[in-house]
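If you're wondering where the values come from, they're calculated on a predicted model, not measured in any experiment.
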Amino acid sequence: MATRRRALVVATYEYADGGLRQLAAPEHDAESFAEVLKDEAIAGFDVTMLVNQPHYVVGEAIADFYGEAGREDLTLLYFTGHGVKDDEGRLYLAMTNTRREALMFTAISGAQLNDAMDASRSRRKVLILDCCYSGAFPAGRTAKADEGVQTLERFQGKGRAVLTASDATQYAFEGDDLRGSGTSSVFTRYLVEAISSGAADLDEDGDIALDELYSYVYERVVAEVPQQRPKKQEDVDGRILIARNVHWTLPAHLQHALESPIAAQRLSAVQELGYLYRAGNDVVRTAVAGCLATLSADDSRSVSSAAAALRESIADGSVPAPDVSPPVPAPRIPEEAVAPPVRVAASPGPSLTDPPAPPADPPRRVSAPPEPATPPRGGGAPVTVGPPVALVLALLVAGGVLLGLSRFTVFDSVNGLTAADAGITSTAWVLGVGLPLVVALLLVIARESTGWTGPLAAGLVLGAVLCQVDQTLASVAYFVSPDNTAGPGPGWWLAVAGTALLIGCLAVSRDTLRGAPPGLRRDWRAIAAAVVVVAALVAWLQAFNDFYLWFAGVESGLLLAAVGLALTLSALTPGQRLAGLAAVTVLAAWLLTFRVHAFAVETFLHDERSNGVALVCTLASLGACYLAQVRPPRRPSRAPGAGAAARR
């Protein structure tokens, strides 16, 4: 007989007993829970729902529900309403016709429900109780039971899992006098949210298991209503898969590895994609297939070969086990929420409808990318995935502070001028130094969120360094000119010191841009872009050849041409391309701001014509760099002996 997924949802909101009507009524979330269970894409349960029915209707439905269940069927019984205990501490589920003075004959007793579960052939039974428990003590009598209901102890048994919204008595009656207080349960609301949004897929394998569902709901219920603490007990062979995560996306650490400019990280992602394909559902497998298709065209030969081999294994139905599957703890479940007599045998299941199977694979890690210094299999040197963050941050902050101070101290010691007074405008400094360093600092702090943050941060810092190099060269040319009376002041030395610290920051973080050494490109786009850069440099030199302060005019063009030629003629990795384009963009913004400012206030270092030529040449060189490096031709594969080790 085919495996079935069956659910019985019982909700009681209305009561004939006036005392029960005094209790805080549960919210009407059961309908939403039934709908999400019915959804074929999410859970695919065959759902029967009973709302505000008398005890004999519900009792008959429960008997049929468990009596008709097959051995491999997954059964889920959900009840929301009031749980009532008598003066002996016995639990009853209140129905719409329940009377407190006749619980045995007008309510569903916990003992009856437990017997029905025992008699069922199903080996996977889930019971979910969202109850506001109350005591039903006759007038003048004292409760024999404590404030706990001990629900889990009442429903122990092989092949069943029990989740309860709480296990404490919130109310008690002494005659018709109600004492105690409670709140409407948020338990079901978070059940619906956890399943419908996929947020309970804590191990990010595309499926929502019962233990994940409970762990997610527990944390949110306790955070919102601290006095309400859900409970769980499970004695089932294998995992119980409740739903699929239809909103599944690649885990953040795996996406980070796929986007990393470091080949070793992308190679490790191929291994984990193999595990995901074997353990995941159809949603996961479709995403994995797309990722492998992309990696098969990777610049690194080791990455592309591994991805292609895995695709072939998938095609012939023999997906290999991943080389590395380090253990990871299961989703956190608070100790106080689990009853002592529990036995759990975890085992990932291939689909929601398959019966449990014995464990086949070790659990996989879900919390983070590979550790920075883990040696590869088979020995060898450790793989470093990034610079020491504390040192990078320290150098970046210190360099930025010194450069900021340089704006407010004397730059020209002879004339007592600040940098702004000497013609280094505040707008240019903000665009070329201040803003890039602030953004780079934020990217370094958030570097684990995605694979491009490190290269972009390095490129922004490099751009700021280039701007300061341009400033230093121009000011030195001005200071040494025999026709000028000026000399470096404290502000100039602070700028030099800050630039040196930023260069040290780049040196420390150089591994961010590691990869195959840049080669020389000979394709038409690279050659055309290089011609544009050279032509711009020639025009720049021609425009400044008649003036006494020659070097202070052409050093910017020489610096821009050096960067432009490196970007247009080099075959770079994706991370190197991003860093280079960021750097040249910052430098171009710095140079363009000076030219535009000169036109705006008509203060030209040389004349209007040379300023206009420099502006056009800057734009042309920047455009050439983007022409050459935005979606460049794929780098050709090298022979095995020609730097293959550098790719790995």
Please tabulate, one pair per line, all N/O donor-acceptor pairs under 3.5 Å involving side-chain atoms of residues 490-507, not counting sequence neighbours.
| from | atom 1 | to | atom 2 | distance (Å) |
| --- | --- | --- | --- | --- |
| W492 | NE1 | S475 | OG | 2.8 |
| T499 | OG1 | A495 | O | 2.8 |

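Listed by chain and residue number, L273, L276, Y277, V284, L292 satisfy the side chain to side chain contact (heavy atoms under 4.5 Å, CB included) test with V288 (two or more places apart in sequence, or in another chain). L615 is linked by a side chain to side chain contact (heavy atoms under 4.5 Å, CB included) to L592, R595, V596, F599, L619, counting only residues two or more places apart in sequence or in another chain. Residues passing the side chain to side chain contact (heavy atoms under 4.5 Å, CB included) test with V401, sequence neighbours excluded: V397, L405. Evaluation of the side chain to side chain contact (heavy atoms under 4.5 Å, CB included) rule for A539 yields V613, C617 as partners, not counting sequence neighbours. Residues forming a side-chain hydrogen bond (donor to acceptor under 3.5 Å, both in side chains) with T593 (at least two apart in sequence, or on another chain): none.
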Checklist entry - Which is it for I42 and R244 under the side chain to side chain contact (heavy atoms under 4.5 Å, CB included) test, yes or no, and what are the steps along the way? => result CA-CA 5 Å; I42 297 177; R244 295 185 181 90; 5.8 Å; no

Next on the checklist: One pair to check against side chain to side chain contact (heavy atoms under 4.5 Å, CB included): Q629 and R525. What are the steps and the verdict?
Outcome noted: CA-CA 9 Å; Q629 289 298 343; R525 279 206 301 174; over 6 Å; no

Item to check | Working for side chain to side chain donor-acceptor pair (under 3.5 Å), residues T427 and T425 | outcome: CA-CA 5 Å; T427 302; T425 69; 5.1 Å; no

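In this structure a side-chain-to-backbone donor-acceptor pair under 3.5 Å is present from S268 to Q265. The backbone N or O of S260 sits less than 3.5 Å from a side-chain atom of R266, completing a donor-acceptor pair. A distance-only check finds no donor-acceptor pair linking the side chain of S570 to the backbone of L572 [under 3.5 Å]. Remark: the backbone N or O of L565 is paired with a side-chain donor or acceptor of T568 at under 3.5 angstrom. No side-chain donor-acceptor contact under 3.5 Å links E204 to the backbone of L250. Without hydrogens or angle criteria, R407 side chain to T418 main chain gives no donor-acceptor distance under 3.5 Å. When atom types are taken as modelled, the side chain of H247 and the backbone of S196 share a donor-acceptor pair closer than 3.5 angstrom.
The distance from atom CG of D201 to atom CG of D203, rounded to the nearest 0.5 Å, is 5.5 Å. Within the model, atoms CG of L295 and CG of L310 stand 9.5 Å from one another, a figure rounded to the nearest 0.5 Å. Atom CG of residue L466 and atom CD of residue Q471 lie 13.0 Å apart, to the nearest 0.5 angstrom. Rounding to the nearest 0.5 Å gives a distance of 6.0 Å between CD of Q468 and OG1 of T472. Within the model, atoms CH2 of W590 and CG of L431 stand 10.0 Å from one another, a figure rounded to the nearest 0.5 Å. Atom CD1 of I208 sits about 8.5 Å away from atom CG of L202, to the nearest 0.5 Å.
Smallest separation of non-hydrogen atoms from D298 and S304: O-CB, 3.8 Å. Nearest heavy-atom pair across V303 and A263 is CG2-O, 3.5 Å.
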